[in-house]
Protein chains: 2
Amino acid sequence: MESTPLVAVGCGRTGGLTLTPLIDRLRDRGWRLTAQRRVIAETMTGEHVHLAADEVFERARTVLPEVSLATVYNTLNELVSLGELREFTHEGRKRYDPNVADRHHHLVCVACGRTLDVHPDDPGLPADQRHGFELLDVEVTFRGRCPDCTAAA
Amino acid sequence: MESTPLVAVGCGRTGGLTLTPLIDRLRDRGWRLTAQRRVIAETMTGEHVHLAADEVFERARTVLPEVSLATVYNTLNELVSLGELREFTHEGRKRYDPNVADRHHHLVCVACGRTLDVHPDDPGLPADQRHGFELLDVEVTFRGRCPDCTAAA
DNA sequence: CCACCACCCTAGAACAGTTCCAAAGATGGA
DNA sequence: TCCATCTTTGGAACTGTTCTAGGGTGGTGG
């Protein structure tokens with residue numbers, strides 16, 4: 001739940017071929033690897049994976065029917081604080097992205113919610129990264145600590 | 001609730017001095033202007049205004065105590081579909097931004113939630129627009145319509 | 001090999017934010 | 001003024017997430 005520096009092991013777009021490095025990393029960090037956690041972690045493996053908790057739950061359940069929704073939430077939150085997943089919000093619900101190694105942005109379909117990773121150099125999103133999308137909007141949120149909060153800390 | 005093209009009347013950063021143009025625009029579009037709606041619209045006037053529904057409710061209530069939360073939600077949603085407010089989500093709840101005239105991004109304090117409008121030329125956010133914030137993260141979401149959805153429409 | 005203890009899992013309750021609903025009230029045109 | 005229409009209201013319902021209390025489990029020391 002703490003300490004080990006978040007060394008980015010992956011190096012950019014690695015493709016979805018490797019199934020275990022996340023599991024290995026977690027074990028190396030002393031994370032108790034139960035059946036539930038393994039199934040959830042495996043569900044979160046791949047490229048362009050941006051599942052919401054209930055989707056993770058459904059998929060995990062097909063492999064391990066007795067897994068509970070609470071465990072899915074617990075595990076996802078833990079993986080986020082371990083730095084192994086990145087969390088973002090789309091249409092009011094949290095989604096989880098296993099691609100934490102390379103800085104990237106999201107390309108979201110307003111109709112079906114389909115989400116792809118993109119790597120633009122500038123916020124304009126070059127044509128070769130649009131995946132055929134008709135662009136409608138860009139939302140950029142910078143996060144930081146304001147002067148008051150910095151002073152208070 | 002529909003039609004009238006969303007002519008951007010304001011022109012960039014206008015300052016918070018004008019109190020009525022939003023109200024005027026709404027009346028011109030045939031929007032029935034009740035006391036509740038007026039109070040809510042006035043609450044949403046100004047610069048760097050990014051209130052959540054319950055905050056709008058609290059403020060509106062100090063002026064018009066009998067206003068209901070349902071009306072606040074109804075009105076905010078309507079103003080969004082009229083194109084007079086922009087909606088975004090921060091930490092699981094929707095916030096509303098009256099600044100729809102000029103393209104801008106948001107600078108959010110991860111500690112207190114304070115949100116400011118910024119106008120970067122590139123996603124790096126130049127120093128003179130950081131408002132003293134210590135930058136921690138940038139989140140960029142492109143929205144559009146994917147090829148499948150375009151074909152289906 | 002066993003016992004123990006810290007950690008983990010589970011179901012369900014609780015919670016927050018938002019939307020829905022039916023009834024009552026307000027509004028403006030004929 | 002009357003009436004059809006639109007608006008408001010409180011509360012119920014709903015969704016996504018977190019909390020809680022109790023039972024279960026893995027793996028370490030003996």
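Convention: sequence-line order gives letters A, B, ...; per-chain numbering from 1.
- Side-chain N/O atoms of H106(B) and D97(B) include a donor and acceptor closer than 3.5 Å.
- Across the protein-nucleic acid pair, W31(A) atom CH2 and dC9(C) atom P stand 8 Å apart, rounded to whole Å.
- Counting to the nearest Å, the C1' atom of dT18(C) and the CG atom of L76(B) are 12 Å from each other.
- Between the side chain of T71(A) and the main chain of V67(A), no donor-acceptor pair closer than 3.5 Å is present.
- When only modelled atom types and interatomic distance are considered, R86(B) and H50(B) share no side-chain donor-acceptor pair under 3.5 Å.
- Atom NE2 of H90(B) is separated from atom P of dG17(C) by 13 Å (rounded to the nearest Å).
- Residue E66(B) qualifies as enclosed at atom CD: its count of foreign heavy atoms under 6.0 Å is above 12.
- Taking atom CD on E87(B) and atom P on dG17(C), their separation rounds to 15 Å, with Å as the unit.
- Between R59(A) and E55(A) there is no salt bridge, since no side-chain N of the basic residue sits under 4.0 Å from a carboxylate O of the acidic one.
- The side chain of S68(A) places no N or O atom within less than 4.0 Å of a non-bridging phosphate oxygen (OP1 or OP2) of dC9(C).
- When each of A35(B) and R95(B) is assigned the nucleotide of DNA chain C with its nearest heavy atom, R95(B) is the one assigned upstream, toward the 5' end.
- Between the P atom of dT18(C) and the CD atom of E55(B) lies a distance of 10 Å, rounded to the nearest Å.
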Query raised in the report: What is the per-nucleotide protein-contact pattern of nucleotides 18-30 of chain D, from the 5' end, where B denotes a base atom under 4.0 Å from a protein heavy atom, S denotes such proximity for sugar-phosphate atoms only, and - denotes neither?
Result: BB-----BS----
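- As a whole-Å value, the separation of E58(A) CD from dG16(D) P is 12 Å.
- Inspection of the N74(A) and N77(A) side chains reveals no N or O donor paired with an N or O acceptor under 3.5 Å.
- If you run side chain to side chain contact (heavy atoms under 4.5 Å, CB included) between T43(A) and each of L51(A), L76(A), V49(A), only L51(A) comes through.
- Taking 4.0 angstrom as the limit, Q36(B) places a side-chain polar atom (N or O) nearer than this to OP1 or OP2 of dT9(D).
- For R93(A), the listed nucleotide lying nearest its side chain is dG16(D); candidates were dT10(C), dC8(C), dG16(D).
- The distance from atom CD of E91(B) to atom C1' of dA16(C) is 13 Å, rounded to the nearest whole Å.
- Rounding to whole angstrom units, CG of residue L51(A) and C1' of dT17(D) are separated by 17 Å.
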